[in-house]
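Just so we're clear, the structure is a prediction, and the values are computed from it rather than from any experiment. Throughout, a chain's letter reflects where its sequence line sits, starting with A, and its residues are numbered from 1.
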Number of protein chains: 2
Amino acid sequence: MTDAVDPPKARRPNTRLEEVARAAGVSKSTVSRVINGEPYVSLKAREAVHQAITRLGYSPNQAARTLAGSRANCIALVVSEQGSRVLADPFFAGVLRGVHAELAGKRVQLVLMMSKEGDEQDLVNYLCGGHVDGVLVISLHGQDPLPRTLADAGLPTVVGGRPLGAGGVPYVDSDNFNGAMEAARYLSSLGRRRVATIAGPRDMAVGMDRLSGWKRGMSQARLPVDLVAYGDFTPESGAAAMEELLGREPELDAVFVAADIMALGALQTLHAHGKRVPEDVAVVGFDDLMIASTAVPPLTTIRQDVEQLGRTMTWRLMAELAGEENLPPFLLLPTSMVKRTSA
Amino acid sequence: MTDAVDPPKARRPNTRLEEVARAAGVSKSTVSRVINGEPYVSLKAREAVHQAITRLGYSPNQAARTLAGSRANCIALVVSEQGSRVLADPFFAGVLRGVHAELAGKRVQLVLMMSKEGDEQDLVNYLCGGHVDGVLVISLHGQDPLPRTLADAGLPTVVGGRPLGAGGVPYVDSDNFNGAMEAARYLSSLGRRRVATIAGPRDMAVGMDRLSGWKRGMSQARLPVDLVAYGDFTPESGAAAMEELLGREPELDAVFVAADIMALGALQTLHAHGKRVPEDVAVVGFDDLMIASTAVPPLTTIRQDVEQLGRTMTWRLMAELAGEENLPPFLLLPTSMVKRTSA
DNA sequence: CCAAAACCTGGGAGCGCTCCCAGAACGTCA
DNA sequence: TGACGTTCTGGGAGCGCTCCCAGGTTTTGG
């Protein structure tokens, strides 16, 4: 049923800048100025061009713009794949939504790249090759040298989540420290005295920051900080850590779990041990994923606004690209407590 | 501490094709041939070029290639934002991972676009403007005309999830029908006789296919198909639908929920009504999200391999771009049952 | 009233590559 | 030995745009 004509790809029949110029009765240069919002174009010319553009359905050829101009009108979002995939899913989707929301209206494309083992050099070559104007890095694991490398190469870069090994590279992060501190304080205000924590991995800033915040909150409440177990942001690790904690201190009456996803596992263990939540053990999570509200019992948690993280990263990058000066080297987004049933 | 020199962006100091040519002692044309894997290059020249490339860290300028050549070396992944965001998160991340995995090694960039209300025309203009070689569409809602439009414009397009309003556009989908049928059969094999279903929205193929499959499975087991309620892929809607079902038939002893995320809500309602799962009511979900295994009780569910979906879509698109003929118009990926505790 | 400044416009070089064409080098067969 | 392939190579036009420059047309101000 195919036409059987024209088997090879038909050549691009696209309207070009020149045709718009002809249709509007002006020169290519003027059309270019209008498109790029430059000054020094008469209202009359400007309107004629806009009309011609809509009439012809013209869409500028990005490749040509990039080649001729000095910028690519394109930023990259780089995701390190080696990080915990489990953490990545809702986090990543949220960030992406934020990035996209912030980019809306700007004529900037988003290209997505995931760094794999071994192809780091390719990635760096590509990114530094002038194909993108800037880079957003979601660094899920610890000492990733990528942000440093990119920044050193002079490519505007913003990292999502405090990078452990990239001093000086601008980043945006949730205020994990204060969020965790609030959790500890809240638990103490409830009258809980044997408060444990299930922390994230030691090689991730997010894990360490939440642990530090919890410790600070505990100290302020004059509570001991001995009950610490570690997980890796999976439900299984949360269950195991809870098991360990219960073994070390059967009388514990509260636990701050550094991620909702681990809290799910902890809840299971608690249930298996016949502990009632929150009567026997109060539980506070972190993140406020959708699953927090459907957990049994619904999870009290520290909410971080992941979409806002994406937005802020993008804003910071675009501001830098726009040449703004004295931008903050890092930005911390406030967290908020969401009280449900578990604590 | 900045250098205070060179405030504007430094001009691209990138190695160009010509430099590689000079370094390798050949012409631009030959380097180009090597890069594009064309025949008619002597082994000697080929090796010299490869050496020069690695030595100089050369990375071809995509913009120039696109402009000069006939293809963009770039495909787009388009996501409709109006779809249920809730459904989107893990689904989207999984698809993306698959797409990326399939693209690995190919020199093809992935640009991400989300369609918003009102900017459809812009989107179409852009996509059809020769900036991308093909499009992957994740169509989350029903009658989206986008795939049709793109396909009609001659742009190779593959849809993820059966599109409702785009007859003839190639698509890849999980075998929702057979998966749901298996769920119904399984429930019947357990001896359950009053089996309900919580279906997805009527305007989404995924919802309808799973409902059809359930009906077919029920009919084969000579069971009535009257207990149908609808949700919208949110936990809340699942809870409400379960409530409705229980109101209509307090004696129901099983329910097939067309999405794990809704099953979570259903489980809550069941719990609130004092129904034990699976003793009083058996529950089977669909998707096998990570949360299925941490639900209380752990959810028996129909697993769909979302990453494989992404891979297959990409494979299908790339095959078409490579000029392969007689490709299947659609592809269905098998599902599998994961037995846990809830049924 | 005339010079200077501000505004507006078109022409054209060139971004880095691909791809066509012409031609060189090396056969191979009548 | 020359005519014809086959394999390899370099030259150069041009992809569609931006941006610089030169020049024209207004407005401003002394």
Side chain to side chain contact (heavy atoms under 4.5 Å, CB included) between A:Val306 and A:Phe92, worked out: CA-CA 8 Å; A:Val306 179; A:Phe92 172 67; over 6 Å; no
Global bending angle along the helix from C:dC1-D:dG30 to C:dA30-D:dT1, which compares the axes of five pairs at either end, to 10 degrees: 40°
Non-hydrogen atoms of A:Leu331 and A:Pro328 that approach each other most closely: CD2-CG, 3.8 Å
Distance below 4.0 Å between A:Arg65 side-chain N/O and D:dC15 OP1 or OP2: no
Pairs satisfying ring pair (Phe, Tyr, Trp, His ring centres under 6.0 Å), at least one member in residues 143-169 of chain B, at least two apart: none
Interface residues of residues 34-49 of chain A with DNA chain C (non-hydrogen, below 4.0 angstrom): A:Tyr40, A:Val41, A:Ser42, A:Ala45
Distance (rounded to the nearest 0.5 Å) between A:Asp133 CG and A:Asn73 CG: 6.0 Å
Spacing of B:Arg22 atom CZ relative to C:dG16 atom P, expressed in whole Å: 12 Å
Donor-acceptor list for residues 37-51 of chain A side chains, cut-off 3.5 Å, not counting sequence neighbours:
from, atom 1, to, atom 2, distance (Å)
A:Ser42, OG, A:Ala45, N, 3.2
A:Arg46, NH2, A:Glu38, O, 3.3
A:His50, ND1, A:Arg46, O, 3.4

Side-chain donor-acceptor pairs under 3.5 Å in residues 25-33 of chain A, sequence neighbours left out?
from, atom 1, to, atom 2, distance (Å)
A:Ser27, OG, A:Ser29, N, 3.4
A:Ser27, OG, A:Thr30, N, 3.4
A:Ser27, OG, A:Thr30, OG1, 3.4
A:Ser32, OG, A:Asn36, ND2, 3.4

Upstream residue (5' side of DNA chain C) when A:Thr30 and B:Leu17 are each assigned their closest nucleotide: A:Thr30
Review item, nucleotides 11-13 of chain D N/O atoms under 3.5 Å of protein N/O:
from, atom 1, to, atom 2, distance (Å)
D:dG11, N7, B:Ser29, OG, 3.2
D:dG11, O6, B:Ser29, OG, 2.7

